[in-house]
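In the text below, chain A, chain B and the rest are named by the order of the sequence lines, each starting its count at 1. The structure displayed is predicted, hence computed values, not measured ones.
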Amino acid sequence: MLISNLCVKRKFGTVADATTKGHKLCVKGGYIHQTFQGGYTLSPLGYKVCRNIERVIREEMDAIGGQEILMPVVSGADIWKESGRYDKVDVLAKFKGRSGAEYVLNPTHEEVVVDFVKSVLDSYKQMPFMVYQIQTKFRDELRSRAGLVRTREFRMKDAYSFHTTQEDLEQYYNQCLQAYYRIFKRIGMKNVVDVKSDNGDMGGSISHEFMLLHPIGEDTVYVCPCGFRANKETMGESKICPVCGKPLEDHRGIEIGNIFQLGDKYSKSMHLEYTAQDGSKKNPIMGCYGIGVGRAMASVIEESADDNGPIWNMEIAPYKVHIVTMADKSGESDKLGQQIHDYLTAQNVEVILDNRDIRAGEKFADADLLGAPIRLIVSPKNLEKGEIEVKYRHPNYQSLPASLPVSGFEQALNNLLADCRKI
RNA sequence: CGGGACUUAGCUCAGCCUGGUAGAGCGCUUGCUUUGGGAGCAAGAUGUCGUAGGUUCGAAUCCUAUAGUCCCGACCA
């Protein structure tokens with residue numbers, strides 16, 4: 001891809017209405033564009049990051065036996081009335097069709113998934129299983145905030161598991177909890193903790209929130225050096241650790257995921273039954289597991305960025321390699337830049353080439369905003385030495401080579417990419 | 001949903017108090033000079049001044065209504 005053709009507008013100067021560093025960089029770098037209050041269009045750049053995060057999520061969900069499905073954004077009001085949540089969930093957006101039929105925009109999909117599973121589940125022999133989707137949610141919140149951190153429409157991974165016993169649910173719930181840590185680590189989050197939380201309108205018993213500890217977070221997390229953690233709601237007024245009795249530390253947290261043990265709340269209210277081994281009809285025990293994809297993306301930028309732009313890792317960077325060619329009257333730099341670009345494209349490596357006839361400073365500033373982990377600088381100065389200069393955006397890569405040979409760059413680049421993926 | 005602020009060029013804003021027919025910087029187009037961290041000079045294009053009413057000879061400017069956006073708070077499966 002040529003940077004001049006990239007359908008992304010990077011901006012100079014002040015970004016009005018952006019209050020956090022990450023939000024500013026998302027707008028400045030052209031990752032997102034606000035379409036309405038709480039609703040964003042993802043540019044090719046933003047959507048690449050989003051899809052990379054989703055790929056990691058899919059791999060980890062599949063690894064614990066998840067089966068991907070796709071449910072509709074809209075559903076009839078009937079299933080929400082059946083579950084009893086139609087008048088209870090105030091973020092539920094309701095509307096009517098021309099015929100007067102009542103619809104909802106699903107803010108979460110317990111009702112829809114139970115309706116689906118009713119069409120599938122007959123016997124205890126089919127359980128346990130988990131289905132998940134990555135799809136758009138709409139929640140009619142009164143206010144959005146900080147770009148993708150808090151929106152009204154957003155991409156979400158929501159997973160639902162079905163079990164014959166509470167013990168089986170708990171075992172799977174812990175598996176899922178571990179999978180969540182793997183996901184957050186792979187997409188480059190550093191300071192993530194899980195805290196016990198209140199189930200609220202979701203019902204059920206145990207639930208955990210995954211919090212990225214960060215000053216811009218909207219939630220308060222209490223953390224004890226002994227390892228105990230809880231969110232403010234579940235602790236009430238107490239600020240003393242119930243485990244060791246020491247005072248708890250306050251942290252702000254961004255809630256990037258949550259998992260719930262739902263029990264039989266939905267399977268019972270919506271009459272989802274299976275035939276047990278003894279021939280009796282029973283309601284499955286359910287768990288549900290959510291991750292906000294856009295919020296995860298915003299959180300990574302908040303946590304890992306410098307003043308010039310986001311710092312992506314190899315898993316989620318929109319482009320892995322960013323080639324900058326410098327002014328060169330002989331045309332040799334552009335020629336080699338194009339060769340490297342074509343080689344990487346053929347290798348299925350996401351690469352972007354900046355061969356614009358503009359000053360170096362603007363190219364570097366743009367490269368910082370795109371945040372590719374590997375930057376190759378092709379210039380007359382470097383060509384004289386027979387080298388391609390390499391710069392790394394991610395601090396973990398700084399020990400890697402600072403240059404590659406021009407002759408045989410293919411092999412050297414392959415090795416470098418392999419090394420980067422390992423770190 | 002309570003409190004506060006805002007809406008003028010693609011973006012960031014000035015102009016409004018004191019009414020007289022639209023401005024700057026950035027971006028964009030063209031040319032020349034530049035070219036290792038957002039360059040310089042010159043020329044050029046771009047607006048129903050959020051929308052609808054009202055006052056007035058005349059409204060971006062004053063009045064009313066309405067829509068949208070932002071911030072703080074509350075809310076948040």
Side-chain angles (χ1 to χ4, degrees), chain A residues 4 9-20 23-24 27-30 33-40 80 83-93 104-113 137-147 149-152 154 156 158 160 197-204 207 209 217-219 231-233 254-255 257-260 262 265-266 286 288-292 295 306-309 324-329 333-334 354-369 375-384 389 391:
Chain A
S4 46
K9 173 69 174 179
R10 291 165 301 280
K11 296 176 201 288
F12 286 94
T14 319
V15 178
D17 298 338
T19 50
T20 67
H23 186 194
K24 283 191 178 92
V27 176
K28 203 169 154 58
H33 165 78
Q34 180 170 321
T35 301
F36 69 102
Q37 197 234 85
Y40 287 84
W80 279 77
S83 75
R85 288 208 295 182
Y86 188 70
D87 295 312
K88 273 191 181 167
V89 174
D90 51 14
V91 297
L92 183 65
V104 303
L105 292 175
N106 283 280
T108 179
H109 276 71
E110 284 75 21
E111 282 78 1
V112 182
V113 77
K137 300 276 187 265
F138 183 83
R139 293 182 186 177
D140 190 14
E141 311 252 14
L142 294 172
R143 198 179 155 205
S144 56
R145 199 182 84 91
V149 169
R150 176 168 207 80
T151 57
R152 301 203 292 161
F154 54 96
M156 183 176 179
D158 44 323
Y160 306 89
S197 64
D198 186 23
N199 287 36
D201 287 349
M202 289 295 283
S207 67
E209 292 169 344
E218 296 176 287
D219 300 283
N231 73 4
K232 198 175 176 178
E233 289 74 41
I254 307 172
E255 185 188 338
N258 52 19
I259 56 178
F260 297 86
L262 295 174
K265 173 178 169 165
Y266 297 93
M286 291 173 58
C288 77
Y289 318 87
I291 293 178
R295 183 180 282 184
D306 60 20
D307 291 340
N308 299 323
V324 177
T325 63
M326 292 297 173
D328 182 350
K329 288 198 173 65
S333 297
D334 282 345
D354 188 351
N355 57 8
R356 291 173 298 174
D357 184 21
I358 57 171
R359 298 173 74 84
E362 190 170 346
K363 293 191 177 192
F364 291 143
D366 276 349
D368 289 342
L369 285 169
R375 184 180 310 173
L376 302 179
I377 301 164
V378 185
S379 70
K381 195 174 80 185
N382 294 323
L383 284 179
E384 255 176 52
E389 186 179 336
K391 293 270 187 209

Worksheet entry | Residue met sooner reading RNA chain B from 5', once Gln37(A) and Arg359(A) are mapped to nucleotides | Arg359(A)
Discussion item. At 4.0 Å (heavy atoms only), tell me whether Asn258(A) reaches a base, stays on the sugar-phosphate, or touches nothing.
Written reply: nothing
Item to complete: Round to the nearest Å and state the distance from Arg145(A) atom CZ to C71(B) atom C1'.
Response: 11 Å
Worksheet item: Using a cut-off of 4.0 Å on non-hydrogen atoms, how would the nucleic acid contact of Ala365(A) be classed: base, sugar-phosphate, or nothing?
Response: base
Fill in: Worked check of salt bridge (Lys or Arg N to Asp or Glu O under 4.0 Å) between Arg375(A) and Asp368(A)
CA-CA 9 Å; Arg375(A) 184 180 310 173; Asp368(A) 289 342; 2.5 Å; yes
Worksheet item: Looking for any heavy atom pair under 4.0 Å, which part of the strands does Leu92(A) touch: base, sugar-phosphate only, or nothing?
Response: nothing
Practice prompt. Once you apply the 3.5 Å cut-off to both distances, tell me the Watson-Crick or G-U wobble partner of G2(B), or none.
Written response: C72(B)
Discussion item. If the threshold is 4.0 Å, N to carboxylate O, is there a salt bridge linking Glu110(A) and Arg85(A)?
Written reply: yes
Worksheet item: Backbone N or O of Ile358(A) within a donor-acceptor pair of the Lys363(A) side chain at under 3.5 Å?
Response: no
Worksheet item: Whole-Å distance between G37(B) C1' and Asp354(A) CG?
Response: 13 Å
Worksheet item: Within this structure, what is the CD-to-P distance between Glu362(A) and C26(B), rounded to whole angstrom?
Response: 13 Å
Item to complete: Could you please spell out the steps behind the side chain to side chain donor-acceptor pair (under 3.5 Å) verdict for Thr325(A) and Asp334(A)?
Response: CA-CA 6 Å; Thr325(A) 63; Asp334(A) 282 345; 2.7 Å; yes
Worksheet item: Within the modelled atom types, does a donor on one side and an acceptor on the other bring the side chain of Glu389(A) and the base of G36(B) under 3.5 Å apart?
Response: yes
Fill in: d(CG, Asp328(A); C1', U34(B)) in whole Å
15 Å
Item to complete: Name the pairing partner of C26(B), where a pair is Watson-Crick or G-U wobble with both distances under 3.5 Å, or state none.
Response: G10(B)
Worksheet item: Taking all atoms of both residues into account, what is the closest heavy-atom pair of Arg152(A) and Ser144(A), and its distance?
Response: CG-CB, 4.5 Å
Worksheet, complete the sentence: Taken to the nearest whole Å, CD/Gln34(A) to P/G10(B) is 18 Å
Fill in: Value in whole Å for how far the P atom of C26(B) lies from NZ of Lys9(A)
13 Å
Practice prompt. Using atom CG of Leu142(A) as one end and atom P of C72(B) as the other, report the distance to the nearest whole Å.
Written response: 15 Å
Practice prompt. Would you mind telling me which residue lines up with the more 5' stretch of RNA chain B, Thr14(A) or Phe364(A), judged by nearest nucleotide?
Written response: Thr14(A)
Worksheet, complete the sentence: Pairing partner of C62(B), by Watson-Crick or G-U wobble and under 3.5 Å for both distances, is G54(B)
Worksheet item: When only distance counts, do a donor and an acceptor, one from the side chain of Asp366(A) and one from the base of G37(B), lie under 3.5 Å apart?
Response: no
Worksheet item: What nucleic acid atoms does Arg375(A) come within less than 4.0 Å of, heavy atoms only: base, sugar-phosphate, or nothing?
Response: base
Worksheet item: Lys28(A) near the nucleic acid: base, sugar-phosphate alone, or nothing, with a heavy-atom cut-off under 4.0 Å?
Response: base
Worksheet item: Atom CZ of Phe12(A) and atom P of C28(B): how far apart are they, to the nearest Å?
Response: 7 Å
